[in-house]
Amino acid sequence: MAQEDKAKKVKAEKAKESALTYDLSGGDVRPNVKKVKAKITEKSQKGKMQKKVKSPKKESTDFEIADDKRIKEEANDGDFMPEKKGKKRKRKLESVEGPSSSTALSLPKKKKKKASQEGDESFGPEKRKKKAEAKNKKVKKEEEEHPVAVKTKKTKKTKEEIEAARALKIKKKEEEEQQRWRWWEEEKYADGIKWKFLEHNGPYFPPEYQPLPDNVKFYYDGKPVKLSLAAEEVALFFAQMLDHEYTTKDVFRDNFFADWRKEMTLEERMLITDLNKCDFGELHAMHRERVEARKNMSKEEKLVIKEANQKILEEYGYCMLDKHRERIGNFKIEPPALFRGRGEHPKQGMLKKRIQPEDVIINCSRDSRIPVPPAGHSWKEVRHDDTVTWLASWTENIQGSCKYVMLNANSKLKGEKDWEKYEVARKLKTCVDAIRAQYQQDLKSKQMGIRQRAVALYFIDKLALRAGNEKEEGETADTVGCCSLRVEHITLHDTLGGDKCVVEFDFLGKDCIRYYNKVPVSKRVFKNLKLFMQNKQETDDLFDRLNTALLNKHLSSLMPGLTAKVFRTYNASMTLQQQLKELSNPSDNQVEKLLSYNRANRAVAVLCNHQRAPPKTFEQSMANLQAKIESRKEQLALAKKELKQAKKEAKANSDNKLLAVVEKKKKAVQRCEEQLLRMEVQATDREENKQIALSTSKLNYLDPRISVAWCKNMEVSLDKIYNKTQRDKFAWAIDMTELDFLF
DNA sequence: GCAGATACTTAGCATTGGTATT
DNA sequence: AATACCAATGCTAAGTATCTGC
């Protein structure tokens, strides 16, 4: 209790220093919510914690058109009636009005890649090359000098050894840097061609199932039953999950049981007809023992395993792509298992089957060494398609969708695409004002389809909602995005908490993450929403004349390469840039700067609704940290007292020795204060991060060049922001970004 | 124009493994 | 050396968007 109070106090103090709330308004950045504050509420049925975004107090309206009077219920095209839903929740859209062909923005439709290349001069290798080379040399020089200088000082052997290790590390780093494929300095391939040469060893298959030892038995109706190999394997999948909540759900159990029975012999199937009579106890116990044993393995045993894994990685984890060795992302075929969908997935518990080489398509160069299938097997197909990036693919049996083996995020293929993504988003900056003006205009359109498109776009832009493709009902959990919102997902409030025209959103989005938000909107949007909801059932689509294909078709007519998801990238990166500018100060110390960075990152995560379950050990670890802070405080008090005493004595008789003591004590106090600050900041940071996930936005939405430039400007080491993997992924950005980069 | 197929990005959770602490 | 902790990594599901064939 006392600790909690103190924690709160610390937090409050910190908040005073630098704004605790995220002010997302202002500038040319999305005039979104002012003061977004994460709040915790109870989540829906799943019992998961969810984050609530407090309703914005005020709305800045710099891209809204104030005059709203004109919009009357001047009805539309006359035939406005909600569409009946088919089984699949897929709508037929009557051949829609020709696009209100439009705006000065309209550009001839062109191939996306081409356009983005032409559009931005910084998206090309030539100019960067020289600068980059020069920079590289400089870095190397500095690194060479450093360890030598330090080494001479050290006297102890161990310290020398540490230095040697450090030097080795630097050397390794340097070597790695030299090996790096600087693809961003090369010419790009012709449209659609992804590689000229591709060679690899095929995917790695999981080991065969090992039958149970004889002393571990499965019981049915109290009697031991020796299962066939296939049935036993699947039984073990279930037994392994017994600790998990999944196995208590009816859907999961039913799906599992149905699929399990398919694996059984006729005899077994006759016998085993009720899952409740199955006793997996011994199987479960065995599994737990194995897990335990694994944990308790000796160092040597662990090393053996590690080396074996290393060997697999060496053999299957890399490929040759255009003369360069590239790391493969997911070279291991997914092992068989029980399907674990997210949320209330209708297919949870079904058996995800073992993939055989006969199921796998290999893609590689015609003139490469074709991968050899495991002994006694053959590939489904070997093809040589240089317009795709995958090395192998197979069809998964749950949804019937395709799975791919692709390269690691640090590869050229992924990096180039990523770079391009941010360039498209940056291009949106040049026309976003016109697009916003356009959809404000479209809110008044006589055609219902266009109005719906305008409102949807408004949501996507303002709230960073996802596009919302249609999904087949019964195949997946019931989740929605913007275009697939249903009437039941929003509530309109004429006034709410002092705001007018408030829309309350409450729906499950991707991964069944709840989106809950109360947003004041313009009168015009509000009236449109009322109109869209007229004469509809709760389960009817809000935008019955719109789907993602139509929306994206419209968007690509406004700017080549523009799709709904570009707005998320654009608004995320803009928010980061603007928040960094607002929150961070060059005169702050390193710790404060990093807190600011995290807060800017957090603002984006809140915007994009990136949530996580609070870590299981959260409360405990917070308490631990708090305790540490307390003890440090005591230390500080003590150090201060000693300093005071020392000063007193020094004053009494000014002795050089005593003065030295004063200095020493001063330093101790200072160090203590620094450490205390660091811990307090850490506590604040962690608390604010309790159920917000920063990594998704960092990895997928934030132009790395913003962060690189910020680090350079603020003189913060980049590895405080990006770990090794992230630095590898963003190598292109790290290499090319100058101090003056602006998204 | 549409449905299904295809290819690729985005997502959160589980496990691992390295480091600090005892 | 054992343990605790948390960051990094691995995994694979779930999205977006485009392509293809009628």
Side-chain angles (χ1 to χ4, degrees), chain A residues 48 88 90-96 111-112 192 194 244 291 294-296 298-299 302 305-306 309 313 329-335 337 339-343 345 347-348 352 361 363 385 387-390 393 395-396 398-404 406-409 413-414 417-418 421 466-472 475-477 479-484 508-513 547-553 555-556 561-566 568-569 572 605 608-613 615-618 620-621 624-625 628 682 686 691 693-697 699-701 722-726:
Chain A
K48 246 171 120 185
K88 281 189 179 174
K90 288 206 176 184
R91 293 140 302 170
K92 301 253 146 59
L93 296 140
E94 69 266 46
S95 34
V96 188
K111 277 260 175 176
K112 171 172 142 194
K194 303 291 167 58
H244 206 289
V291 169
R294 233 185 122 79
K295 249 191 346 215
N296 295 330
S298 70
K299 242 191 214 163
K302 278 184 181 165
I305 290 181
K306 199 177 171 184
N309 283 334
L313 176 69
N330 56 328
F331 57 90
K332 287 180 176 164
I333 297 270
E334 293 171 22
F339 177 75
R340 308 153 82 124
R342 314 254 164 88
H345 201 295
K347 299 195 168 186
Q348 62 191 97
K352 188 169 75 171
I361 304 173
N363 191 38
D385 185 350
T387 68
V388 295
T389 65
W390 52 269
S393 73
T395 303
E396 152 269 357
I398 303 286
Q399 322 264 6
S401 65
C402 227
K403 299 261 186 177
Y404 300 92
M406 287 184 191
L407 296 189
N408 190 273
L413 252 23
K414 293 288 184 188
K417 202 74 191 294
D418 211 32
K421 173 181 76 186
R466 294 187 186 82
N469 282 332
E470 287 124 25
K471 306 168 41 169
E472 289 204 23
E475 294 293 301
T476 60
T479 61
V480 296
C482 185
C483 292
S484 48
L508 294 183
K510 182 178 179 179
D511 294 312
C512 285
I513 297 295
N547 62 28
T548 53
L550 279 172
L551 180 64
N552 281 336
K553 203 175 143 203
L555 288 174
S556 72
L562 185 60
T563 61
K565 85 188 190 88
V566 177
R568 246 166 107 81
T569 311
C608 293
N609 201 37
H610 291 144
Q611 302 187 32
R612 61 168 188 174
K616 287 192 191 86
T617 55
F618 186 84
Q620 184 58 52
S621 83
N624 289 349
L625 188 57
K628 265 169 141 186
Q682 197 188 3
R686 219 188 271 177
Q691 39 195 201
L694 298 187
S695 60
T696 305
S697 49
L699 240 42
N700 300 306
Y701 289 103
Y722 290 137
N723 66 32
K724 174 86 173 79
T725 312
Q726 294 163 339

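Chain letters run A, B, ... following the sequence lines, proteins first, then strands; residues in each count from 1.
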Grab the [atom1]-[atom2] distance between [X] and [N] for me, whole Å please.
X: A/K194; N: C/dC19; atom1: NZ; atom2: P; value: 10 Å
X: A/E470; N: C/dA17; atom1: CD; atom2: P; value: 13 Å
X: A/R294; N: B/dT15; atom1: CZ; atom2: P; value: 11 Å
X: A/K616; N: B/dA14; atom1: NZ; atom2: C1'; value: 8 Å
X: A/R612; N: B/dA14; atom1: CZ; atom2: P; value: 13 Å
X: A/Q691; N: B/dG12; atom1: CD; atom2: P; value: 13 Å
X: A/I513; N: C/dG15; atom1: CD1; atom2: P; value: 10 Å
X: A/Y722; N: C/dA8; atom1: OH; atom2: P; value: 13 Å

Checklist entry - Do the non-hydrogen side-chain atoms of A/L551 and A/C483 ever get within less than 4.5 Å of each other? => result yes
Checklist entry - Can you tell if the side chain of A/K510 reaches within under 4.5 Å of the side chain of A/T479, non-hydrogen atoms only? => result no
Next on the checklist: Are there over 12 heavy-atom neighbours, none belonging to A/K302, within less than 6.0 Å of that residue's NZ?
Outcome noted: yes
Item to check | Within 6.0 Å of NZ in A/K628, more than 12 heavy atoms from elsewhere | outcome: no
Quick one: which of [options] gets closest to the side chain of [X]?
X: A/N552; options: C/dT18, B/dA11, C/dC6; result: C/dT18
X: A/N624; options: C/dC6, B/dA11, C/dC5; result: C/dC5
X: A/T389; options: B/dC8, B/dT9, B/dG12; result: B/dC8
X: A/E472; options: B/dA11, B/dT6, B/dG4; result: B/dG4
X: A/R466; options: B/dT6, C/dC6, B/dA11; result: B/dA11
X: A/K421; options: B/dT10, B/dC13, B/dA11; result: B/dT10

According to a strict under-4.0 Å criterion, is [X] in side-chain N/O contact with OP1 or OP2 of [N]?
X: A/T563; N: C/dT16; answer: no
X: A/T696; N: B/dG12; answer: yes
X: A/S621; N: C/dC6; answer: yes
X: A/N469; N: C/dT16; answer: yes

Checklist entry - Between atom OG of A/S697 and atom CZ of A/R568, what is the distance when rounded to the nearest 0.5 Å? => result 9.5 Å
Item to check | Gap between atom CG of A/N408 and atom NZ of A/K414 - 0.5 Å precision | outcome: 9.5 Å
Item to check | 5' priority, DNA chain C, between A/K299 and A/K565 [closest heavy atom] | outcome: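 The residue closer to the strand's 5' end, by nearest nucleotide, is A/K299.
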Checklist entry - Which residue lies toward the 5' end of DNA chain C, A/K724 or A/A467, if each is placed at its nearest nucleotide? => result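 Checking each residue's closest nucleotide, the 5'-ward one belongs to A/K724.
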Item to check | Toward the 5' end of DNA chain B, by each residue's nearest nucleotide, A/N700 or A/S401 | outcome: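 Nearest nucleotide further toward 5': that of A/S401.
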Write out a two-atom table: protein N or O, nucleotide N or O from nucleotides 11-14 of chain C, distance below 3.5 Å.
{"residue": "C/dA13", "atom": "OP1", "partner": "A/K352", "partner atom": "NZ", "Å": "3.1"}
{"residue": "C/dA13", "atom": "OP2", "partner": "A/K403", "partner atom": "NZ", "Å": "2.5"}
{"residue": "C/dA14", "atom": "OP1", "partner": "A/R342", "partner atom": "N", "Å": "2.7"}
{"residue": "C/dA14", "atom": "OP2", "partner": "A/H345", "partner atom": "NE2", "Å": "3.4"}
{"residue": "C/dA14", "atom": "O4'", "partner": "A/D511", "partner atom": "OD1", "Å": "3.4"}

Checklist entry - If you measure from the Lys or Arg side-chain nitrogens to the Asp or Glu carboxylate oxygens, is any gap between A/E475 and A/K347 under 4.0 Å? => result yes
Hey, what are the protein-to-nucleotides 20-22 of chain B N/O distances that come in under 3.5 Å?
none

Checklist entry - Hey, what's the ring geometry for A/W390 with A/Y404, parallel, tilted or perpendicular (30° and 60° as the breaks)? => result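 Tilted.
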Checklist outcome for this item: In short, A/K194 meets A/L413 closest at the heavy-atom pair O-CD1, 3.2 Å
Next on the checklist: Any base atoms under 4.0 Å from A/K306, or only sugar-phosphate, or nothing? Heavy atoms, all strands.
Outcome noted: sugar-phosphate
Next on the checklist: What's A/N723 touching, base or sugar-phosphate or nothing? Going by heavy atoms closer than 4.0 Å.
Outcome noted: sugar-phosphate
Checklist entry - Passes side chain to side chain donor-acceptor pair (under 3.5 Å), A/N469 versus A/T548? Steps please. => result CA-CA 6 Å; A/N469 282 332; A/T548 53; 2.5 Å; yes
Checklist entry - Does a donor on one side chain sit under 3.5 Å from an acceptor on the other, for A/R686 and A/S621? => result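 There is such a pair between these side chains.
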